[in-house]
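Data first, discussion second: the structure below is written as structure tokens.
Values reported hereafter were calculated over all heavy atoms of this structure, with side chains retained and with hydrogens, waters and symmetry mates removed. For clarity, every value in this text was computed on a predicted model and none was experimentally measured. Order of listing sets the numbers, starting from 1, for every ligand and every atom in it.
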Amino acid sequence: MTIETTQPHGVRIEQRRVLRTEVPGPRSRELHARKTAAVASGVGTTLPAYIARAAGGIAVDVDGNQLIDFGSGIAVTSVGNSAPRVVEAVQAQVEDFTHTCFMITPYEQYVAVAERLNELTPGDHAKRSALFNSGAEAVENAVKIARHYTGRTAIVAFDHAYHGRTNLTMALTAKNMPYKHKFGPFAGEIHRAPMAYPYRWPTGRATCADEAFEAFTTTVRVQVGAENVAAVIVEPIQGEGGFVVPAPGFLRKVAEWCAAEGILLIADEIQTGFCRTGDWFASTHEGIVPDLITTAKGLAGGLPLAAVTGRAEVMDAVHTGGLGGTYGGNPIACAAALAAIDTMQADDLCAAARRIESIMRPRLDALAAKYDQVGDVRGRGAMLAIEFAEPSSALASAVAAACHRAGLIVLTAGTFGNVLRFLPPLVIGEDLLSEGLDVLEAAMGEVL
Ligand SMILES: *Cc1c(COP(=O)(O)O)cnc(C)c1O
């Protein structure tokens, strides 16, 4: 058995699917019994195949099955799992020092990540960044900063939004189950407006952007008062909400209106950022330059790191000591981020995401043409999804389960749980991508 071969990008696991047992296999099932006995059951698992090693687009489980990864740990390992530059940078950093707390005795790596973020995010205005541990923490801080700068308190979020699981971010997140159910009361001063969701817009796609914009401004004016709103927060493509790409022009209108009303626009690019959609940030596709942008997931090649990047005058409005946290911008996570960003630049992973789209999109469109149950195919770059017409999770869950059994990691999403979403690592090879699509096609054939 030789699986330690060197592949393109220095990947050290052969990039092909191998099934040695059923998935999950016996060793995974043993571990899962231990999980059930030791881990709080509120922490669920999508596919309880326990992973031993992973590289590129393959995750090897403890039974030796090689699974194709169309999830990237929810859009995190965009540069591939244990990407060579990330591994090297982390190993070097962990030997130098592991932690000092940037708020106590700082270090260059944090500053370098901030510089890269300021340079890569949309807009050529002066920017500042602050680093945190998780996406939810970044969103919380973006809200703190927006309130502090504007002196206003209200925040507007959209239908189908997902911004995290902490108290404030649960309030911003739209969906009750599983994120909010019985976890209230939630943070106050959060208001919700309709999202321009073309596939489900009552009067159709053509009218979606204008009508949703009208409904948004009416909601804000009538129910909140524009002068009370600190910020509007939006995912330029909604993630957990089902890869909803807002109707063309909607976000630009929202951005212009916010600017006119003195409201800050926060783009939550935690899932869409770092080449995922074929550009560094999805805001660029929408022609918007957000005042504040939150990032996490793809930023650090698998290590926990998050950021708020924004206009210098907004970010610097907060008093010294007002932002921070013990671990925020941990040096190992920063070293990983610098290596991940180097990888994205050197290997042009934005182009790789567009190439993935050019291969996947026709295959997904063909499935939609073949099966009436498929209502919509959408997304950008390597962030693609199919939505089943029926607003219930049955079909998406069944197709996902069939994929899992066949060794393909896929995720579901959507307000109704009826979306299959695909987030392959951007370094995935064409053969593996095609094989994954073959597995999906067979799973659809099995279920539909
Ligand atoms: C995942 C996600 C978050 C929350 O990030 P965590 O690191 O899980 O706290 C927030 N916003 C969006 C758009 C996300 O996809």
Closest heavy-atom contact between A174 and H160? CB-N, 3.3 Å

Say you draw a straight line from OG1 of T46 to CD1 of I409; how long is it, rounded to the nearest 0.5 Å? 9.5 Å

Heavy-atom closest pair, residues R192 and A161: NH1-CB, 4.1 Å

Specify whether F213 and F216 have parallel, tilted or perpendicular ring planes, treating 30° as the upper limit for parallel and 60° as the lower limit for perpendicular. tilted

Within 4.0 Å of atom 8 (O) of ligand 1 (strictly less), any protein heavy atom? no

Is the shortest distance from a Lys or Arg side-chain nitrogen in R221 or E261 to a carboxylate oxygen in the other one below 4.0 Å? no

Numbered atoms of ligand 1 (with element) below 4.0 Å of E235, judged on heavy atoms: 13 (C)

When you measure from the heavy atoms of G239 to every atom of ligand 1, does any distance fall below 4.0 Å? no

Per-atom contacts, ligand 1 versus D268 - under 4.0 Å to a heavy atom: 10 (C), 11 (N), 12 (C), 13 (C)

State yes or no: are the ring centers of F132 and Y327 separated by less than 6.0 Å? no

Starting from atom 6 (P) of ligand 1, what is the nearest protein heavy atom, named by residue and atom, and what distance separates them? G135 N, 3.4 Å

Which residue holds the protein heavy atom closest to atom 2 (C) of ligand 1, what is that atom called, and what is the gap in Å? K297 NZ, 2.5 Å

Using a 3.5 Å cut-off on N or O atoms only, is Q271 in polar contact with ligand 1? yes

Does R165 have a non-hydrogen atom less than 4.0 Å from ligand 1? no

Measure across A335 and Q93 and return the closest heavy-atom pair with its distance rounded to 0.1 Å. CB-CB, 3.8 Å

Heavy-atom contacts with A136 under 4.0 Å: which atoms of ligand 1 show up? List them by number with element. 4 (C), 5 (O), 6 (P), 9 (O)

Within ligand 1, which atoms have a heavy atom of S134 less than 4.0 Å away? 7 (O), 9 (O)

